[in-house]
Amino acid sequence: MKIATYNANSIRKRLETIVPWLEKQRPDILCVQETKVQDHEFPVQAFEKSGYHLNFKGMKSYNGVAILSLQKPDSIHFGLEDAPDADEPRLARAVFKGFSVINTYIPQGYLLESPKYAYKLEWFKRLRRYFEKHFSPQDPLLWCGDMNVAPRDLDVHHPEKHLTHVCFHEDAKKAYAGALAWGFEDVFLKLHPGRQQFTFWDYRFRSNGKSALEANLGWRIDHILATTPLAEKCTQVEVDIEPRKATQSSDHTFLWADFRF
């Protein structure tokens, strides 16, 4: 079973990236974040011949999540389900025969002094309560997405320069670790504990005339996490950098993992 995650930064702008990637790689499931489109404008037609079932929840210009799967889910759910404003465009859960997948687009946080950062930290606490409500750590469960946290020094270029960044600040890392401690393992770290590998390169960043990608100055903020029953079955995890080199690319690229049953 091949699972992939990708922050599209507008799915309508990335169709020329996503559709060919699906045709070539054929993951069983692709989790997409930042679709940035209202549901009635989601580009369903572009995927008609792909063989994928589409489940999505979005809004205009911001956020948005989608789960594309070769197998039709037994059920699909959106949002944290803990309040009327349950952030439906930030969380999708698909239930399949034998396992479930949660796709999240975690709030970025903006600035440390911003209410958006406090909201981000609280979001991780709410997410852990969501895990506790619906699952046990013994359940076969995958959690994928853009977590907007680089958990280790290896996961960001020049970590000493980013100590006050909302995606690397100590409180953000602790909040993320608290959610993981419920019962998840980072499968990339499981198979590549010492490798530095980024998944995001900022469009705006340049160094000595080179783009962030050319200089490989990035962040690892996209993750695939698994409970023990699935983590122990993970045999391969890789980042596909090629889509990020395209002219009209997202600032993220695809992360995928293979699980053998």
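Note that the numbering runs from 1 along the sequence shown for the chain.
- The pair Glu238-Arg195 meets the salt-bridge criterion, since a charged nitrogen lies less than 4.0 angstrom from a carboxylate oxygen.
- Within a 6.0 Å sphere centred on NZ of Lys2, heavy atoms belonging to other residues, nucleotides or ligands number more than 12.
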Query raised in the report: Are His77 and Ser75 close enough, and set up right, to give a side chain to side chain donor-acceptor pair (under 3.5 Å), and what steps lead you there?
Result: CA-CA 7 Å; His77 312 266; Ser75 62; 3.1 Å; yes

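- A donor-acceptor pair is defined here as one N or O able to donate and one able to accept, closer than 3.5 Å; such a pair exists between the side chain of Asn103 and the backbone of Val32.
- Side-chain contact annotation: Trp219 with Thr199, donor-acceptor N/O pair under 3.5 Å absent.
- Counting non-hydrogen atoms of neighbouring residues, nucleotides and ligands closer than 6.0 angstrom, the OH atom of Tyr203 exceeds 12 such neighbours.
- For the pair Ser100 (side chain) and Val95 (backbone), a donor-acceptor distance under 3.5 Å is absent.
- Ring geometry for Phe188 versus His192: interplanar angle of 30 to 60°, hence tilted.
- Ion pair Glu242/Lys245 flagged as a salt bridge, since at least one NZ, NE, NH1 or NH2 atom sits closer than 4.0 Å to an Asp/Glu carboxylate oxygen.
- Side-chain atoms of Lys57 and Asp39, non-hydrogen and from C-beta on, do get closer than 4.5 Å to each other.
- Within 6.0 Å of OH on Tyr110 lie no more than 12 heavy atoms contributed by other residues, nucleotides or ligands.
- No more than 12 heavy-atom neighbours from other residues, nucleotides or ligands sit within 6.0 angstrom of CD on Glu16.
- No side-chain N or O of Asp171 forms a donor-acceptor pair with one of Tyr176 less than 3.5 Å apart.
- Surrounding CD of Glu160 are more than 12 heavy atoms belonging to other residues, nucleotides or ligands, all under 6.0 Å away.
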